Amino acid sequence: MPEIIFISGATAGFGKATAEKFAANGYHLILNGRREERLKQIKESLENKYNTEVYVLPFDVQVQKEVFDAFKSLPTEWQKIDVLVNNAGLALGRHYTDEAELADWETMIDTNLKGLLYVTKAALPFMTPYKQGHIINIGSTAAKDVYEKGNVYCATKAAVDSISKGMRIDLLRHNIKVTAIHPGAAETEFSMVRFKGDEATVKNVYEGYKPLTAEDVADIIYYCTTLPSHVCINDLVVTATQQANSIYLVKDA
Ligand code: NDP
Ligand code: 8X3
């Protein structure tokens with residue numbers, strides 16, 4: 001029986017690329033996101049291209065009941081999760097603390113922090129009985145160094161960093177690995193979401209250097225989850241070569 005990989009936020013960016021990477025290597029997938037049509041297209045495309053099976057599980061990670069109902073609805077043959085990729089997340093706005101939108105803060109906290117916790121809690125009953133498994137939490141370089149106008153986004157990712165450390169300790173007794181992966185700037189839909197469709201600002205984010213791609217991050221997730229069973233990468237920070245951390249990034253002259 002092929003292993004089953006659950007990916008939150010699989011309709012775009014890292015999640016979508018990770019789905020393709022695992023599908024290409026014969027794993028079965030449970031894919032989540034809010035845009036159900038996109039999930040169905042991805043399922044069709046991956047099942048046609050690779051020897052894989054994809055189960056679509058659309059829900060909003062912010063809504064506790066939706067999350068738990070969705071996991072409870074999994075058919076018997078999908079009730080074992082080998083790898084849980086907590087990837088769904090977003091930044092909204094980039095403003096000084098006194099000028100930021102409260103609603104943006106709420107959404108980031110509800111998605112990046114509470115959503116990750118809901119999904120993990122709902123998924124664990126499909127992992128702990130098997131005494132094996134792996135949780136990948138997607139943090140950010142923003143977890144490690146706070147930058148100007150990053151306030152709440154950075155805080156949610158620092159929380160992912162802390163939660164990953166706690167989970168790793170708590171899940172030792174179930175033999176479940178926990179890896180936090182902290183990427184720097186990567187060109188996905190992330191900035192379009194953050195800057196609410198402001199194309200000029202988005203273009204500037206990725207201009208003058210070669211940012212990470214979604215496929216770079218997918219390769220790293222795949223690498224971390226396919227190491228021997230006695231080896232666990234706890235914490236991994238990855239940036240483009242022209243970026244040192246969330247503050248220092250050198251663009252071409
Ligand atoms: P994208 O915007 O390309 O993808 C984000 C994914 O998250 C989408 O599939 C989206 O699906 C999903 N998502 C967002 N909100 C929800 C929700 N409430 N419920 C379910 N799914 C949701 O961004 P990235 O791929 O770049 O980002 C993935 C993760 O990586 C995020 O946690 C982000 O913070 C983090 N990250 C990104 C970096 C970057 O520079 N790109 C760097 C470091 C970390 P849908 O809209 O269909 O719900
Ligand atoms: C995304 C990277 O630098 O925009 O987490 O915070 S950054």
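Numbering of ligands and ligand atoms starts at 1, following listing order. Everything numeric in this text was worked out from a predicted model, so none of it was measured.
Under the 3.5 Å distance criterion, with hydrogens and angles disregarded, no donor-acceptor pair is assigned to the side chains of Y222 and T18. A donor and an acceptor atom, one from each side chain of N137 and S164, are located under 3.5 Å apart.
Look at G139 and you'll find a heavy atom under 4.0 Å from some atom of ligand 1. In this structure, K157 has a heavy atom closer than 4.0 Å to ligand 1. A10 counts as a contact of ligand 1, since one of its heavy atoms falls under 4.0 Å from the ligand.
With respect to atom 11 (O) of ligand 1, the closest heavy atom belonging to the protein is T11 OG1, 2.8 Å. For atom 38 (C) of ligand 1, the closest non-hydrogen atom on the protein side is F14 CZ, 3.7 Å.
The shortest N/O to N/O separation between Y206 and ligand 1 does not fall below 3.5 Å. Checking only distances, A186 does come within under 3.5 Å of ligand 1, N or O to N or O. Not one N or O of A185 is nearer than 3.5 Å to an N or O of ligand 1, by distance alone.
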Q) Going through the checks in order, is the ring-ring contact (aromatic ring centres under 6.0 Å, His included) test met by F190 and Y153? A) CA-CA 12 Å; F190 176 85; Y153 178 67; 5.6 Å; yes
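Here salt bridge (Lys or Arg N to Asp or Glu O under 4.0 Å) pairs that include residues 177-197, with residues two or more places apart or in two chains, are R35-E189, R38-E189, D104-K196. For residues 156-172, the set of pairs meeting the salt bridge (Lys or Arg N to Asp or Glu O under 4.0 Å) definition, not counting sequence neighbours, comprises K144-D161.
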Enumerate, one pair per line, all nitrogen or oxygen atoms of ligand 2 lying under 3.5 Å from a protein nitrogen or oxygen, stating the separation to 0.1 Å; write 'none' if no such pair exists.
from	atom 1	to	atom 2	distance (Å)
ligand 2	4 (O)	R194	NH1	3.4
ligand 2	5 (O)	S140	OG	2.6
ligand 2	5 (O)	Y153	OH	2.6
ligand 2	6 (O)	Y147	OH	2.6

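For the side chain to side chain donor-acceptor pair (under 3.5 Å) test, residues two or more places apart in sequence or in another chain that qualify with T156 are N112.
Between the side chain of N32 and the main chain of F59, a donor-acceptor pair closer than 3.5 Å is present. In terms of modelled atom types and a separation under 3.5 Å, the side chain of S45 and the main chain of Q41 share no donor-acceptor contact.
Aromatic ring centres of Y118 and F71: separated by at least 6.0 Å.
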